[in-house]
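Read through the structure below, which is laid out as structure tokens, and then see the notes.
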Amino acid sequence: MSGEEEENAADLKIGEEFLKAKCLMNCEVALILEHKYEQLQQMSDDPMNQVSQVFEKSLQYVKRFSRYKNPDAVRQVREILSRYQLAEFELCVLGNLCPETVEEAIAMVPSIKTKGRAHDDDAIERMLNDLSLIKKFE
């Protein structure tokens, strides 16, 4: 971004490096950290070789704020949100916060209503319905 442009996540003005970055939802990070935790536990016969407190706290945090626990549900959430041509940032915010109404979704991620994008209220409603179905059957 040039020095004159002001960053604004509501308009997806977050800098080119962030627009291209791969973002992870809390539930995806939880799966990764749980897998790593299991690996560390299996490798360690020595009780003194425990995971760091930062690792433990990070795992607790993402588990607490993960809306989806089942690995298949996590995969389905990303697949569904990917169909709507969302930026990674938008996808992760919606996947983490799980808005229930179109109004909530737009309040949390105003950029989904930006002119020139194919996100009308009906498309957003379909997206939210798809997500709620995953949550129901998890």
Side-chain angles (χ1 to χ4, degrees):
M1 287 188 116
S2 70
E4 296 174 16
E5 282 188 67
E6 187 174 327
E7 291 184 5
N8 183 347
D11 296 328
L12 267 187
K13 292 181 181 177
I14 55 176
E16 195 64 29
E17 63 276 7
F18 291 109
L19 283 174
K20 293 179 180 178
K22 176 73 171 172
C23 298
L24 295 174
M25 295 178 286
N26 289 337
C27 52
E28 293 170 312
V29 174
L31 291 174
I32 291 167
L33 293 182
E34 283 175 344
H35 180 71
K36 184 65 175 173
Y37 182 80
E38 289 169 10
Q39 284 180 328
L40 291 171
Q41 294 300 326
Q42 290 173 358
M43 290 173 31
S44 174
D45 294 333
D46 181 8
M48 297 301 286
N49 190 11
Q50 297 180 2
V51 295
S52 73
Q53 187 176 7
V54 172
F55 185 96
E56 289 271 359
K57 296 268 186 203
S58 299
L59 179 57
Q60 289 172 7
Y61 175 88
V62 292
K63 286 173 79 170
R64 180 175 182 203
F65 292 105
S66 292
R67 299 293 180 133
Y68 305 94
K69 310 291 185 212
N70 179 310
D72 288 331
V74 173
R75 182 185 44 75
Q76 288 175 337
V77 168
R78 181 162 285 275
E79 286 175 8
I80 285 170
L81 291 174
S82 294
R83 292 182 206 150
Y84 291 91
Q85 291 89 35
L86 299 169
E88 285 284 320
F89 168 77
E90 296 168 319
L91 184 148
C92 287
V93 170
L94 292 171
N96 283 339
L97 299 178
C98 301
E100 294 182 5
T101 66
V102 172
E103 293 78 20
E104 281 182 358
I106 294 168
M108 292 174 186
V109 187
S111 59
I112 61 176
K113 279 296 272 194
T114 304
K115 287 183 181 177
R117 297 188 66 193
H119 301 125
D120 60 10
D121 287 357
D122 291 336
I124 296 169
E125 183 74 35
R126 282 191 306 275
M127 176 176 56
L128 297 177
N129 287 338
D130 291 345
L131 291 177
S132 70
L133 284 174
I134 292 171
K135 191 66 180 158
K136 268 185 203 173
F137 292 110
E138 183 179 38

So, for A105 and I124, which heavy atoms are closest and what is the spacing to 0.1 Å? CB-CG2, 4.0 Å
Heavy-atom neighbours of Q60 CD exceed 12 at 6.0 Å: yes
S66 and A30: which non-hydrogen atoms are nearest, and at how many Å? OG-CB, 3.7 Å
So CD of E104 and CE of M108: to nearest 0.5 Å the spacing works out to 5.0 Å
Partner of I112 by side chain to side chain contact (heavy atoms under 4.5 Å, CB included), out of V102, V93, I106: I106
Going from CG on D130 to CD on E79, what distance comes out if it is rounded to the nearest 0.5 angstrom? 11.5 Å
Looking at every heavy atom in both Y68 and G95, which two are closest together, and how far apart are they? CE1-O, 3.8 Å
Hphob cluster co-occupancy, Y61 + L33, side-chain heavy atoms under 4.5 angstrom: yes
Kindly state each residue pair satisfying salt bridge (charged side-chain N to carboxylate O under 4.0 Å, His left out) with at least one member in residues 65-74, sequence neighbours excluded. D72-R75
Do the non-hydrogen side-chain atoms of E34 and L31 ever get within less than 4.5 Å of each other? yes
L81 to L91 - nearest heavy-atom pair and separation: CD1-O, 3.4 Å
Heavy atoms only: give me the nearest C92-R78 pair and the separation to one decimal. SG-NH2, 3.9 Å
E138: which residues meet the salt bridge (Lys or Arg N to Asp or Glu O under 4.0 Å) condition with it, sequence neighbours left out? K135
Backbone N or O of A21 within a donor-acceptor pair of the E88 side chain at under 3.5 Å? no
For I134 and N70, what are the C-alpha separation, side-chain angles and deciding distance, and is it a side chain to side chain contact (heavy atoms under 4.5 Å, CB included)? CA-CA 10 Å; I134 292 171; N70 179 310; over 6 Å; no
Would L59 and I32 show up in the same hydrophobic cluster when neighbours are defined by side-chain heavy atoms closer than 4.5 Å? yes
Are L24 and Y37 co-members of a hydrophobic cluster defined by side-chain heavy atoms under 4.5 Å apart? yes
As an exercise, state the distance from CD of E125 to OG1 of T101, rounded to the nearest 0.5 Å. 8.0 Å
Does D121 reach the side chain of K113, with side-chain heavy atoms less than 4.5 Å apart? yes
Under 6.0 Å from the CD atom of Q53, do we count more than 12 heavy atoms belonging to anything else shown? no
Say you draw a straight line from CZ of R126 to CZ of R83; how long is it, rounded to the nearest 0.5 Å? 11.5 Å
hydrophobic_cluster_shared for L40 and V29, side chain cutoff 4.5 Å: yes
